[in-house]
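Working notes for the structure below.
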Amino acid sequence: MLNKTDGKGKAQEETLPPYLSILNAEQREAVFHRGNPLLILAGAGSGKTRVITTKIAYLIREQGMDPRSILAVTFTNKAAREMAERARLIDERAAYAMLRTFHSFGAWFLRRNGTLIGLNAGFVIYDDDDMSSLLATLMEGASMGEIKHAAYGIARAKDFFLSPEQPELSLIDHRETFRSLYTKYEERLRQIGNVDFGDLIKKPVEILRTYPEVAERFKNRFRVILVDEYQDANIAQFELLKELCGPETYVCVVGDDDQSIYAFRGAEVRNILEFPDRFPGTDIIRLERNYRSTAPILQTASSVVSHNQDRLGKTLRAERGNGKNPVLAFLPNQHEEAAFCAHLIEESVRPAKERSTGEKPPFKQASYADWAVLYRTNAQSLGFETEFLRRGIPYRVVGSLKFYEREEVKDALALLSFLANPRDEVAFRRVVNKPARGVGNATVDRIVREATEGPLAEGNLSAAAQRLKAVLAPKARAGIEAFLGAIEKGRSVLDRGVPEVSDEGASLKSLKPQEPGNVHAGEGLSVCIVHLVQEAGIVDYHRTHDEIAGNQRISNLQELANAASLYPASFGGLLEFLEHLELDRSLEDPHGKEGIQDMVTLITLHNTKGLEFRRVIITGMEQGVFPRDDKRGENLEEERRLFYVGATRAMDELYLSSCTQRRMYGRTALMEPSRFLMEIDRTQLRIIGSPPRGYAPRNPSRPAGEQHPPPGTWQVGNRLFHDDQGYGSVVEVQETPEGPLVRVCFDTGKELRFFGLKQRKRITKIHEER
DNA sequence: TAGTTTTAAGTTTTT
DNA sequence: CTTAAAACTA
C-alpha cells in the first residue's frame with residue numbers, strides 16, 4: 001500500500017531508498033526535518049509510528065548518527081517494543097538506540113544516579129497498592145477510601161511536579177493535613193529506600209537540576225530526543241524533557257490532542273498545545289491523511305469529538321474513500337448485546353457459501369482476529385466472555401489480567417521485594433506472618449519501631465527483628481526465626497548462584513514435574529523464587545488454605561517462577577526482574593491457548609490506543625457507562641476523545657451497541673442511550689432495533705439531551721424499597737448545598753435520612769401509576 | 001491472636 | 001455479584 005506523493009517529489013522519489021519513497025510528502029518532510037524543535041500533529045491512522053521509526057533509521061543510515069545518542073520515549077511498553085522492532089527492520093543498528101517508556105527511562109536513570117540523592121541502587125518500585133499500604137501505616141484509623149484518596153492526591157502532586165512545601169499543592173488538596181501527610185509519606189519512603197511511580201519522573205528532574213555536571217553528561221549523550229504520544233505527557237514529564245534537552249539537542253514530539261485520554265492520571269493536554277511557546281522556533285507538521293479507516297467511520301469519530309471546545313481542530317482525510325456506514329444497534333439488555341456481537345462475528349466468519357442471507361456478493365470473509373469488542377470498563381468483559389465461551393468463539397482479553405493483583409503472586413513478590421530491600425516495611429508486613437507464625441501486629445509494630453526509631457535506626461527490618469528476637473515471646477520468636485530463615489535461604493541462592501541442597505531442595509528434585517501442588521524450579525532466578533515461596537510456607541499456605549482454588553494458585557506461582565527463569569540468579573537479576581514486573585504488567589496472556597492465533601480481541605477503549613482492527617464493536621453506549629458519570633462535565637471532553645480513539649481503530653466496519661437495561665452490581669437499571677449517539681448524524685448510521693424514547697435525532701437548532709429531567713429526583717410521598725429496610729415513603733426533602741437530603745419513614749416505623757439518595761444503589765423507586 | 005462470621009460498601013481508565 | 005472491613009468467638 002503506497003502512499004500518494006505530490007508531483008514535485010517525483011524526481012527525488014526515484015533516487016530514494018524504498019523505506020523513504022513509500023512516505024507521503026508530509027511524512028517525508030517530518031523525517032527529513034532537522035534543526036528547530038519539531039511538533040508533529042498526527043491524526044489517528046496517519047502513519048505516525050512509521051514516521052518515528054523511519055526517522056530513527058534515517059538518522060542512523062543517512063545522517064551517520066550514532067544510535068546510542070538517540071532517545072525515543074513512549075508511554076506504553078507495547079509501543080516501545082513495537083517501535084524498536086519496526087526501526088530495527090529498516091536498520092539493525094536501531095537496536096542500539098534507547099527506546100523506553102518514560103518510567104523505564106526514569107528507573108534506568110535512578111539506578112545509575114540515585115545515590116546522589118541518597119537513593120540506593122537496589123530500590124524497589126512501589127505500585128499504587130504498595131503506596132496505599134504505606135499510607136495506611138501513617139493514617140491510623142482512616143478508612144480505605146480516605147487512604148486511596150490520599151494516595152491519588154500524592155500521585156497527582158508528583159505528576160504535576162509538586163513537592164510538599166510548594167504552595168501550589170493546595171490546588172490538588174487544600175487541606176493542611178494533606179500537606180503534612182505528603183511530607184510524612186516522602187520521609188518514610190526515603191527511609192525505606194524505595195520509590196513510587198511518580199518518583200521515577202520527579203527525582204531524575206531534581207537530580208538534573210541539582211547536579212549540572214550530570215545534566216551536562218546527558219545533554220551530550222542524547223543528541224536526538226523523540227517523544228511519542230506527547231499529548232499524554234504530564235507536567236513532570238515535560239520538565240524531564242526540558243532538562244534533557246541541551247542547546248544542541250534536536251527534539252521532536254508527536255501527538256494528537258484529540259487522543260488525549262489520560263488526564264485523570266495527570267496528563268496535561270496543554271503540553272502539546274503550548275509546545276511551540278515552550279520550545280521557541282518550533283516547526284509544526286500536520287499529518288492529516290488517514291490510511292486506516294473508510295470515510296463514514298472517520299466521519300462518525302470526528303462528529304463526536306468535534307463537540308469539544310478545547311481542541312486544536314483538524315481535518316482528517318480518508319485516503320481509503322467510502323465504505324459501509326457504521327451500524328447502531330439498540331438492544332434490550334447486555335445479554336442480548338453479547339449475543340448480538342457473537343452473532344455478528346459468527347456470521348462474518350462462516351464461509352460465504354453457507355450463508356443464505358440476502359447479502360450480495362462479493363462476500364467479505366472475515367477471521368476472528370479481524371474483530372475487536374470494545375468496552376469502557378474491564379468489568380464489562382465478563383458477559384462477552386461467557387457468551388463467547390458458550391458459543392465456542394475464540395477470544396483473548398487484553399489488559400485486565402489481574403495476575404499481579406492475586407494474593408499468592410503479591411505474596412511471592414513481597415518476599416522478593418523484602419529480599420531485595422530489607423527496609424521494605426510494606427513487603428515485611430505482608431508476609432512476615434503468612435502463614436500464621438504467631439507474629440501478631442503488636443510484634444510487627446515493635447520491630448518496625450526498633451528499625452526506624454531505635455538507637456540503631458538504620459531501617460533494616462531483618463536486623464531489627466534479629467536484635468529483638470531475644471526479648472520476644474517464644475511463639476513470636478520461633479515465627480520470626482522461621483521467616484528470617486526463609487529469607488536467608490533465598491539470599492544464599494542469589495549469593496551462590498545455585499540452590500542450596502537442603503532437605504527440601506533434595507525432595508524437590510525427586511518430584512515429578514506434573515505433580516500438582518508443588519512449584520518447580522527451572523533455571524536462573526526462578527530457582528530463588530521457588531525456594532523462597534516453599535521455605536516461607538507460602539506454597540503450603542495456599543495449598544491447604546483454599547482447597548478449591550489452591551491448585552490454580554500454585555500454578556500461578558509456578559508461572560511467576562517461569563517468568564523469572566530468563567533472569568540470572570543474582571541480586572542484579574532480582575532487581576531487573578522486579579523492575580520489569582512493576583513497569584510492564586502486560587505479560588503475554590496465559591489464558592490464550594497455544595497455537596490458536598485467530599481470536600477475537602476483548603479490550604477496554606483505553607487499551608486500544610495504537611491498535612487497529614478490520615471490524616470494531618463499541619459496546620455499552622449508554623449514559624453512565626460511556627460516557628461515565630459526567631457530574632462535573634469536565635470529564636465529558638475526555639470521554640469524547642475516548643470515543644474518537646475507539647472508533648478510529650476500525651478499518652472497514654464499525655458497530656455501536658446500546659442497551660435499554662443493564663444489570664449493574666446485581667441490580668437491573670434502566671439506561672439512557674449515550675449522548676454521543678445524539679452527536680452523530682443519524683443519516684450516516686444504519687440503525688438496528690427500535691430506538692428508545694431517549695434517542696432523539698440531532699436537532700441542529702437545539703442541542704440534544706437534557707430534555708428529560710434525570711430520574712432520581714425525590715418528592716415527599718414517593719414510595720421506595722430499600723434492600724435492608726424494606727418499604728418506606730419519603731417524608732421530607734431538603735436541599736443542601738451538597739445535594740438533596742431525603743428523610744424516609746419505613747413501614748417498620750424506622751426513620752432514616754439519606755444523603756444524595758440515588759436510584760440504582762440499594763434503593764428502588766416505586767412508581768404507583770395504577 | 002487466629003480464624004471464623006457478619007455486615008457494609010463499591011465498583012474507570014494505567015505507567 | 002464480588003470484595004473488604006469490622007465484629008465476634010475460640
Problem set entry | Interatomic distance, A/D196 CG vs B/dT14 C1' [rounded to whole Å] | 14 Å

For this session: Output, in order, the C-alpha distance, side-chain angles, deciding distance and verdict of side chain to side chain contact (heavy atoms under 4.5 Å, CB included) for A/L374 and A/T604.
Result: CA-CA 5 Å; A/L374 277 49; A/T604 62; over 6 Å; no

Exercise. Quick one: side-chain hydrogen bond (donor to acceptor under 3.5 Å, both in side chains) partners of A/E576, sequence neighbours excluded?
Worked result: none

Exercise. Is any side-chain heavy atom of A/F102 less than 4.5 Å from a side-chain heavy atom of A/T74?
Worked result: no

Exercise. Can you find a heavy atom in the side chain of A/L642 that is under 4.5 Å from one in the side chain of A/E638?
Worked result: no

Exercise. Do NZ/NE/NH1/NH2 and the carboxylate oxygens of A/K469 and A/E481 come within less than 4.0 Å?
Worked result: yes

Seminar exercise, completed: DNA chain B nearest-nucleotide lookup for A/F75 and A/T377: closer to the 5′ end is A/T377

N/O-N/O pairs, protein side and nucleotides 1-4 of chain B side, under 3.5 Å:
from: B/dA2; atom 1: OP1; to: A/G438; atom 2: N; distance (Å): 3.2
from: B/dA2; atom 1: OP2; to: A/N433; atom 2: ND2; distance (Å): 3.4

Problem set entry | Separation between the P atoms of B/dT13 and C/dA4, rounded to whole Å | 15 Å

For this session: Using a strict cut-off of less than 4.0 Å between a Lys/Arg side-chain nitrogen and an Asp/Glu carboxylate oxygen, indicate whether A/D196 and A/K158 qualify as a salt bridge.
Result: yes

Problem set entry | B/dT15 base / A/R265 side chain donor-acceptor hit below 3.5 Å | no

Exercise. Is B/dT12 paired to anything, Watson-Crick or G-U wobble with both distances less than 3.5 Å, and if yes, which nucleotide?
Worked result: none

Problem set entry | B/dT12 phosphate, OP1 or OP2, under 4.0 Å from A/N378 side-chain N/O | no

Exercise. What nucleic acid atoms does A/D128 come within less than 4.0 Å of, heavy atoms only: base, sugar-phosphate, or nothing?
Worked result: base

For this session: Measure from the ring centre of A/F264 to the centre of the six-membered ring in the base of B/dT12, then say whether that distance is under 5.5 Å and the planes meet at under 30°.
Result: no

Problem set entry | Test item: A/L200 and A/V195 side chains (from C-beta on) under 4.5 Å apart, heavy atoms | yes

Problem set entry | Distance below 4.0 Å between A/T74 side-chain N/O and B/dT15 OP1 or OP2 | no

For this session: Determine if A/Y262 stacks with B/dT14; use a centre-to-centre distance below 5.5 Å and an interplanar angle below 30° as the criteria.
Result: no

Exercise. To the nearest Å, how far apart are A/M131 CE and B/dT15 C1'?
Worked result: 13 Å

Seminar exercise, completed: Taken to the nearest whole Å, CG/A/L605 to C1'/B/dT14 is 14 Å

For this session: Look at A/N77 and B/dT15 and indicate whether a side-chain polar atom (N or O) is within less than 4.0 Å of OP1 or OP2.
Result: no

Problem set entry | Nearest-angstrom distance from the residue atom CZ of A/F643 to C1' of B/dT13 | 17 Å

Exercise. Roughly how many Å is it from CG in A/N635 to P in B/dT12, rounded to a whole number?
Worked result: 13 Å

For this session: Can you tell me the distance, in whole Å, between the CZ atom of A/F197 and the C1' atom of B/dT13?
Result: 15 Å

Seminar exercise, completed: note: A/E637, atom CD; B/dT13, atom P; distance rounded to Å ~ 22 Å

For this session: Specify the separation, in whole Å, of atom CG of A/L636 and atom P of B/dT12.
Result: 18 Å

For this session: Say whether A/K202 and A/S163, considering side chains only, have a donor N or O and an acceptor N or O under 3.5 Å apart.
Result: yes

